[in-house]
Amino acid sequence: MTNQSSRMANAFSEADLAALSAEERVLIERRLKVLGRPYKLFYQRPVHAVRASDVWIYDAEGEQLLDAYNNVPCVGHCHPAVVQAIATQAATLNTHTRYLDDRILDYAERLLRTFPGALDRIMFACSGSEAMDLAIRIARIATGGDGLLITENAYHGTTTVTAGISPCVSGFEESSNVVRVAVPDVYRQGAANATEAFRQNVAAGLAQLKQRGHKPCAVIFDGIFATDGIAIDPTGFTAKAIDLARAEGALYIADEVQPGFGRTGSSMWGFQRHGVTPDMVVLGKPIGNGMPIAATVMRASIQDAFSERSRYFNTFAGTHVSIAAASAVLDIIESENLIWNCKTVGDYMMESLRHLRARHDVIGDVRGAGLYIGVEIVESQASKVAAPDLASRLVNALREANVLVSLEGRAQNVIKIRPPMTFKRTHADILTERLSDALSACRG
Ligand SMILES: Cc1ncc(COP(=O)(O)O)c(C=O)c1O
């Protein structure tokens, strides 16, 4: 995504309408009429998805597409155990959190056990945006500040407050209490100085907030810096910057909407890769395998400051059906050993992609953790100049070869591979093979 224009990375363009089938054109025209232009489609030839199972999406023509993009169905599309849990609960009771119930407590206790002990309170929401909005509201009360420090190309949501900290979306307007800092570009600048460079960027950001008259209330970092181009190494590079922000009174809010629930392959939470315990954590997308559930996790003392001022009720947040789905997700992550699967399949896929890099000069970098992988497309390995047009052609060529991925990063030149966590080596082989073909075709 970019803040330079209204174009989203890998978005369908109306200029390509004529190339589509009559049925697809009708659907798109109906979308434009009732949903309008803010709604974007992926790919030059959009996917008309009609059903899905595990890592496969089936389109209206019966084509089977390999899903290497979607992290919401983290345990696989339509996992039978999640479907069963939803159906059974929907037929039993589905209401809000103002009645006594043990299921939400069982789930909350179980989920909190996966966090460092200091994080012992959880509040439920319906989306990552809402959970982040709540985290910011609480942080303001707990610290008495309103200054927010975010990364240069961050995305944190769609509410008024979270859109104001999402510079990667077109139309972003910077307000005086929000300061952006650059994430180290390890591919171009090396890893040796990354920790110090990030610390200095955060120091400058904090100074800027002070100059503008804003006391900091939080630094907000996505555990994998997805929209900043997937910045993952060196491990621990955020620690000194966070220490500095805390010394100025800010809380550290970890956005786990992207890396959370084991995707990085080494631990349940992305922040654990960097060895720093956050003050608050925001959970979303994969938590319910597609059910609208999200959460904000925090220290009890932080929530207490909020409770003195306010009560909290969110009609659809933490309903029985959502909790049933979320509980089933935790069961499956454990029983199918999915964190280990992310690690082994992720490492295997990165190795294959690095072999591909040896043969294709336009693959500048392959980086990732577990099943969150970025392939940076450049003009040449020597120049390291971003090649967004070629990256876009590759993503569309893969789509034509029935493999779904997308683009990420400030220059929109990083191919984002983020499949369901059930992705296997055979699926990785399909992806690598078809990317190899696409590379040959797009350069030929
Ligand atoms: C890092 C991050 N934070 C927050 C959000 C917002 O989540 P939601 O779309 O559920 O509101 C997203 C969604 O893409 C995200 O990627």
Side-chain angles (χ1 to χ4, degrees), residues 1-3 8-11 38-40 42 69-74 123-137 139 148-170 172 178 180-181 183 218-232 238 252-261 263-264 269-271 273-274 278 280-297 314 316-319 322 325-326 329 368-369 371-374 405-410 412 414 416-419:
M1 288 195 259
T2 176
N3 54 6
M8 177 187 83
N10 187 29
Y39 279 82
K40 302 292 178 197
F42 274 156
Y69 176 76
N70 285 295
N71 61 342
V72 171
C74 67
M123 296 169 79
F124 290 100
C126 303
S127 69
S129 306
E130 263 189 21
M132 180 57 80
D133 202 291
L134 178 66
I136 293 169
R137 192 170 150 211
L148 296 169
L149 209 134
I150 57 164
T151 56
E152 210 171 22
N153 204 46
Y155 183 74
H156 297 293
T158 193
T159 63
T160 302
V161 169
T162 58
I165 54 168
S166 296
C168 88
V169 180
S170 52
F172 170 77
V178 176
R180 296 196 263 166
V181 297
V183 176
V219 292
I220 304 173
F221 297 145
D222 166 0
I224 198 145
F225 299 98
T227 47
D228 285 287
I230 309 175
I232 45 141
T238 60
Y252 161 37
I253 301 176
D255 187 331
E256 287 289 331
V257 170
Q258 292 287 336
F261 290 87
R263 172 163 295 279
T264 58
W269 307 112
F271 65 78
R273 286 187 71 249
H274 292 294
M280 306 177 88
V281 185
V282 169
L283 312 179
K285 290 185 190 282
I287 182 170
N289 216 49
M291 288 301 286
I293 174 167
T296 310
V297 173
N314 186 334
F316 297 116
T319 57
S322 294
V329 166
L371 282 175
Y372 211 121
I373 298 174
V405 293
S406 194
L407 290 173
E408 202 56 278
R410 214 169 139 67
Q412 304 185 3
V414 181
K416 175 166 69 171
I417 302 171
R418 186 196 52 177

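For ligands, and for the atoms within them, numbers begin at 1 and follow the listed sequence. Numbers here are sequence positions counted from 1.
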Quiz item: Of Arg263, Arg418, Lys416, Lys285, which is the lone residue that meets side chain to side chain donor-acceptor pair (under 3.5 Å) with Gln258?
Solution: Arg418
Self-check item: Set of residues that line ligand 1, where lining means a heavy atom lies under 4.0 Å from it
Solution: Ser127, Gly128, Ser129, Tyr155, His156, Gly157, Asp255, Val257, Gln258, Lys285
Quiz item: Counting only N and O atoms by type, is there a donor-acceptor contact under 3.5 Å from the side chain of Ser322 to the main-chain atoms of Gly318?
Solution: no
Quiz item: Should the pair Phe225 and Phe221 be assigned to parallel (<30°), tilted (30 to 60°) or perpendicular (>60°) ring geometry?
Solution: tilted
Self-check item: Qualifying residues under side chain to side chain donor-acceptor pair (under 3.5 Å), relative to Asp222, sequence neighbours excluded
Solution: none
Quiz item: Just by distance, do the side chain of Glu256 and the backbone of Phe261 share a donor-acceptor pair under 3.5 Å?
Solution: no
Quiz prompt | Val183 vs Glu152 side-chain heavy atoms within contact, under 4.5 Å | solution = no
